[in-house]
Amino acid sequence: DACVAAGGCNGYRPADEGWGRGRRPVINVSWDDAQAYVQWLSQRTGRQYRLLTEREWEIAARAGTTTKYSWGDDPPVSDQNARNGANFLDCTDDRTRPVGSFQPNGFGLYDVHGNVWEWVRDAEGSSRVVRGGSWADHPNRLRSAERSRPNPPHRGSEDGFRLARTL
């Protein structure tokens with residue numbers, strides 16, 4: 001919202017599906033929308049922001065593990081207090097949840113499994129990939145190794161992004 005209000009993001013204000021904004025992740029954004037936000041935020045702050053690479057995303061999501069999920073191999077549950085809690089198809093909300101509704105992974109990162117797919121760059125930087133699964137997916141789609149290649153112009157209520165800042 002701040003980006004659009006400041007004249008950035010190509011004037012595109014993503015729909016929130018009536019679920020509200022606040023602490024919910026941005027949704028209905030394409031690869032180009034995410035890139036426009038990265039450019040605006042970098043210019044606004046004077047610091048370099050970017051989308052994560054697939055490798056960075058997977059390292060962050062796994063949080064030092066080699067298991068299916070950052071918490072181990074047990075499938076996710078829709079319990080906000082459980083170590084393996086995540087927002088996915090079995091939850092009753094049928095929408096995103098506010099960031100931090102479930103326990104963080106071992107690196108202190110929230111919602112790397114479920115809630116929204118996150119746009120990332122592949123290793124060569126040539127393909128657009130989403131990682132992490134979403135609120136509308138089955139548990140196997142939330143695995144750390146899971147990936148999908150939607151068409152870059154695609155915008156959906158399951159699609160968002162996570163940023164990295166270059167130090």
Side-chain angles (χ1 to χ4, degrees), residues 14 17 19 23-38 41 48-167:
E17 304 295 327
W19 305 337
R23 294 184 39 82
R24 290 185 189 272
V26 66
I27 56 174
N28 291 306
V29 289
S30 69
W31 168 264
D32 290 335
D33 300 329
Q35 292 298 335
Y37 180 77
V38 165
L41 184 62
Q48 185 179 358
Y49 288 89
R50 58 185 172 75
L51 296 180
L52 282 72
T53 65
E54 277 203 87
R55 179 175 165 77
E56 289 170 326
W57 187 94
E58 192 161 332
I59 289 168
R62 287 187 181 279
T65 70
T66 57
T67 54
K68 291 180 184 176
Y69 309 95
S70 63
W71 58 75
D73 289 325
D74 293 334
V77 296
S78 191
D79 179 349
Q80 292 177 294
N81 298 312
R83 187 173 58 90
N84 59 327
N87 189 22
F88 65 106
L89 186 64
D90 291 352
C91 296
T92 59
D93 290 13
D94 291 331
R95 66 185 69 178
T96 63
R97 291 209 183 160
V99 172
S101 294
F102 294 89
Q103 301 296 310
N105 72 9
F107 287 171
L109 300 173
Y110 291 90
D111 305 322
V112 292
H113 303 287
N115 221 14
V116 297
W117 285 99
E118 299 176 4
W119 285 105
V120 297
R121 297 180 295 127
D122 72 358
E124 294 79 37
S126 59
S127 292
R128 282 76 168 159
V129 178
V130 290
R131 302 290 300 263
S134 81
W135 59 269
D137 287 310
H138 292 280
N140 65 328
R141 298 294 312 261
L142 276 59
R143 293 177 303 116
S144 297
E146 185 70 20
R147 67 199 300 259
S148 184
R149 289 182 185 254
N151 194 355
H154 175 76
R155 291 177 174 152
S157 63
E158 300 174 30
D159 303 319
F161 60 91
R162 182 181 302 261
L163 298 184
R165 183 169 61 99
T166 302
L167 300 176

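Only a predicted model underlies this, so the values are computations on that prediction, with no experimental measurement involved.
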Tell me the closest heavy-atom pair linking W19 and I27, and the distance in Å.
CZ3-CD1, 3.6 Å
Flag the pair Y69 / P139 as yes when at least one side-chain heavy-atom distance between them is below 4.5 Å, and no otherwise.
yes
Acceptor/donor pairs from residues 58-66 side chains to any protein atom, 3.5 angstrom cut, sequence neighbours excluded:
{"residue": "E58", "atom": "OE1", "partner": "R131", "partner atom": "NH2", "Å": "2.7"}
{"residue": "E58", "atom": "OE2", "partner": "R62", "partner atom": "NE", "Å": "2.8"}
{"residue": "E58", "atom": "OE2", "partner": "R62", "partner atom": "NH2", "Å": "3.0"}
{"residue": "R62", "atom": "NH1", "partner": "T67", "partner atom": "O", "Å": "2.6"}
{"residue": "T65", "atom": "OG1", "partner": "R62", "partner atom": "O", "Å": "2.8"}
{"residue": "T65", "atom": "OG1", "partner": "T67", "partner atom": "OG1", "Å": "3.4"}

Give the minimum heavy-atom separation between V99 and Y110, together with the two atoms involved.
CG1-CB, 4.3 Å
List the atom of V112, the atom of W57, and the distance in Å for their closest heavy-atom pair.
O-CZ2, 3.3 Å
For the residue pair L167 and R165, establish whether any side-chain heavy-atom pair is separated by less than 4.5 Å.
yes
What pairs meet the side chain to side chain donor-acceptor pair (under 3.5 Å) rule with one or both residues in residues 143-158, with sequence neighbours excluded?
D33-R155, E54-R147, S127-R149, S134-E158, R141-E146, R143-E146, H154-D159
What residue pairs, at least two apart or across chains, pass ring pair (Phe, Tyr, Trp, His ring centres under 6.0 Å) with a residue in residues 87-106?
none
If I compare all heavy atoms of N28 with all of E17, which pair ends up nearest, and what's the gap?
ND2-OE2, 2.8 Å
Between CH2 of W135 and CZ of R97, what distance do you get to the nearest 0.5 Å?
12.0 Å
Shortest non-hydrogen contact from R121 to L51?
NE-O, 3.6 Å
Rounded to the nearest 0.5 Å, what's the gap from CG on L163 to CG on L52? Could you check?
8.0 Å
Report yes if some heavy atom in the side chain of H113 is under 4.5 Å from a heavy atom in the side chain of W71; otherwise report no.
yes
Determine which pairs satisfy salt bridge (charged side-chain N to carboxylate O under 4.0 Å, His left out) with at least one residue from residues 107-119, sequence neighbours left out, and list them in order.
E118-R162
Would a distance-only check, ignoring hydrogens and angles, find a side-chain to backbone donor-acceptor pair under 3.5 Å from N105 to F107?
yes
Scan residues 75-87 for pairs that pass side chain to side chain donor-acceptor pair (under 3.5 Å), counting only residues two or more places apart or in two chains.
N87-N115
Does the side chain of Q35 come within less than 4.5 Å of F161's, by heavy atoms?
no
Closest non-hydrogen atoms of P14 and V29, given as atom of the first, atom of the second and distance, are CG-CG1, 3.6 Å
For D90, check side-chain hydrogen bond (donor to acceptor under 3.5 Å, both in side chains) against everything at least two apart and list the hits.
none
R128 vs W119 side-chain heavy atoms within contact, under 4.5 Å
yes
